[in-house]
2 protein chains.
Amino acid sequence: MLSQKAKYALKALLYLAQQEDTHVSRTLEIADAASIPKKFLEQILLDLKRGHFVGSKQGKLGGYYLLKSKNEITLADIHRLFDGAIALLPCASLNFYERCSDCTDESTCALRHGLIVIREETLKAMQGITIASLIHR
Amino acid sequence: MLSQKAKYALKALLYLAQQEDTHVSRTLEIADAASIPKKFLEQILLDLKRGHFVGSKQGKLGGYYLLKSKNEITLADIHRLFDGAIALLPCASLNFYERCSDCTDESTCALRHGLIVIREETLKAMQGITIASLIHR
DNA sequence: TTTAAACTCTACTAATTTTATAGAATTTAT
DNA sequence: ATAAATTCTATAAAATTAGTAGAGTTTAAA
């Protein structure tokens, strides 16, 4: 399941993607439009900025805008940024690999192979969902 | 990501599936073989029993055994029993459907449609992984 | 019929993660 | 100078997860 953060991030990105290219959106504007607690959204937008998905303009008349194209931002990206690994266990993860502490021999682990298959399938599906594809139904 | 419970459940099921059909396995035996804390495993086996995946025999010489065929127990089943919905949001879930509290109109929600696609793909993949398929690499 | 070995059940606890909130600092247009 | 905005760090409350404790029940076998 997605965390609230990831869900709010997607909603914020969907909002930004639907504004005109020149428009910068204030946090409060996004929070109101997408029903997100403003202070919580501040953190989320900073995370999205550090992930290079959005840019910001400081000071009066400042705000946020999409940095990447809405065709390039995928569900997989946002999941990884806020909720971490796509895989069901760290040992089956591409970007968040970690050995299982209770695993005696990874190469013969019956679980791992199956979970790698799942990760491949899920990742492919999640990479197929972009902000743009979500907007166009 | 899978919870420890779900992971332990899968490891326990894998162990049971590799025993002879007549054999009943004690909790301690499974715990030792699969490196699972015994008291924690007790709860997990009870959950598996309530889910009709394993049966038990009480008293001395008691223990657990597979109730369903190892071909019938899928990763999706175990995920749902221990970790709940396969879908990324409850509003996209088949078995754990729930409306989003912050959602004004579900039918026009841009997120939901995409997440239903992901759930369909992920579910299909997870239903393809069975205890038997895990054992046969 | 007693005993030991096992499952069953409920409650509890500690640690971690999630979901925020608070407030001061900084930046920038007017 | 001022007001409106982002930025940053710390804190806190709630929920979830992972695991422990211990009493109760069942059953095989001596």
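Just so it is clear: chains get the letters A, B, ... in the order the sequence lines come, proteins before strands, and each one is counted from 1. The structure presented is a predicted model; accordingly, all values stated were derived computationally and were not measured.
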Given atom [atom1] of [X] and atom [atom2] of [N], what is their separation to the nearest angstrom?
{"X": "A:Q58", "N": "C:dT30", "atom1": "CD", "atom2": "C1'", "value": "17 Å"}
{"X": "A:L45", "N": "D:dC8", "atom1": "CG", "atom2": "C1'", "value": "14 Å"}
{"X": "B:L48", "N": "C:dT8", "atom1": "CG", "atom2": "C1'", "value": "15 Å"}
{"X": "A:L41", "N": "C:dT18", "atom1": "CG", "atom2": "C1'", "value": "17 Å"}
{"X": "A:Y64", "N": "C:dT28", "atom1": "OH", "atom2": "P", "value": "13 Å"}
{"X": "A:I44", "N": "D:dT6", "atom1": "CD1", "atom2": "C1'", "value": "15 Å"}
{"X": "B:E42", "N": "C:dC9", "atom1": "CD", "atom2": "C1'", "value": "10 Å"}
{"X": "B:F40", "N": "C:dT8", "atom1": "CZ", "atom2": "P", "value": "17 Å"}

Which residue, A:K57 or A:Y8, contacts DNA chain C at a nucleotide closer to its 5' end, judged by nearest heavy atom?
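Closer to the 5' end of DNA chain C: A:Y8.
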If you assign each of A:K5 and A:K60 to its closest nucleotide in DNA chain C, which residue comes earlier from the 5' end?
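This one resolves to A:K5.
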Proximity to the side chain of [X] - top-ranked nucleotide from [options]:
{"X": "A:R26", "options": "C:dT26, D:dA5, D:dG22", "answer": "D:dA5"}
{"X": "B:R50", "options": "D:dT7, C:dT8, C:dC9", "answer": "C:dC9"}
{"X": "B:K39", "options": "C:dC7, D:dA23, C:dA20", "answer": "D:dA23"}
{"X": "B:L61", "options": "D:dA28, C:dT8, C:dA6", "answer": "D:dA28"}

Got a sec? Which of residues 81-98 of chain A come in under 4.0 Å of DNA chain C, heavy atoms?
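By residue number: none to list.
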Report, as yes or no, whether the 6.0 Å neighbourhood of atom CG on B:D21 holds more than 12 heavy atoms from other residues, nucleotides or ligands.
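Count not over threshold, so no.
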More than 12 heavy atoms from other groups under 6.0 Å of NE2 on B:H52
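No, because the 6.0 Å sphere around NE2 of B:H52 holds 12 heavy atoms or fewer from other groups.
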What do the steps show when you test B:D83 against B:S3 for side chain to side chain donor-acceptor pair (under 3.5 Å), and what is the final call?
CA-CA 7 Å; B:D83 295 347; B:S3 65; 2.5 Å; yes
Under-4.0 Å side-chain N/O to phosphate OP1/OP2 contact, A:S56 with D:dT6:
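False: A:S56 side-chain N/O out of range (4.0 Å or more) of D:dT6 OP1/OP2.
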Is there a side-chain contact between A:S3 and the phosphate of C:dT18, meaning an N or O under 4.0 Å from OP1 or OP2?
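No, A:S3 has no side-chain N/O under 4.0 Å of OP1/OP2 on C:dT18.
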Using a cut-off of 4.0 Å on non-hydrogen atoms, how would the nucleic acid contact of A:G59 be classed: base, sugar-phosphate, or nothing?
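The answer is base, as A:G59 lies within the cut-off (heavy atoms under 4.0 Å) of a base atom.
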Show the numbers, then the answer: is there a side chain to side chain contact (heavy atoms under 4.5 Å, CB included) between B:E98 and B:S93?
CA-CA 8 Å; B:E98 214 170 300; B:S93 173; over 6 Å; no
Identify whether A:L13 and A:I135 are in the same connected component of the hydrophobic contact network (ILVMFWY, side-chain heavy atoms under 4.5 Å).
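Same cluster: A:L13 reaches A:I135 through Ile, Leu, Val, Met, Phe, Trp or Tyr contacts under 4.5 Å.
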Test log, rule salt bridge (Lys or Arg N to Asp or Glu O under 4.0 Å), inputs A:E42 and A:K38
CA-CA 6 Å; A:E42 282 180 11; A:K38 192 206 167 213; 3.5 Å; yes
Any donor-acceptor pair under 3.5 Å between the side chain of B:K38 and the base of D:dG19?
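Check fails, no donor-acceptor contact within cut-off.
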Assess whether one donor atom and one acceptor atom, taken from the side chain of A:Q43 and the base of D:dT6, lie less than 3.5 Å apart.
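No.
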Quick one: do the A:E29 and A:Y15 side chains pair a donor with an acceptor below 3.5 Å?
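Yes, side-chain donor-acceptor contact under 3.5 Å.
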Among B:I131, B:V24, B:L66, which residue meets the side-chain contact (heavy atoms from CB on, under 4.5 Å) test with B:L16?
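Exactly one candidate clears the test, B:L66.
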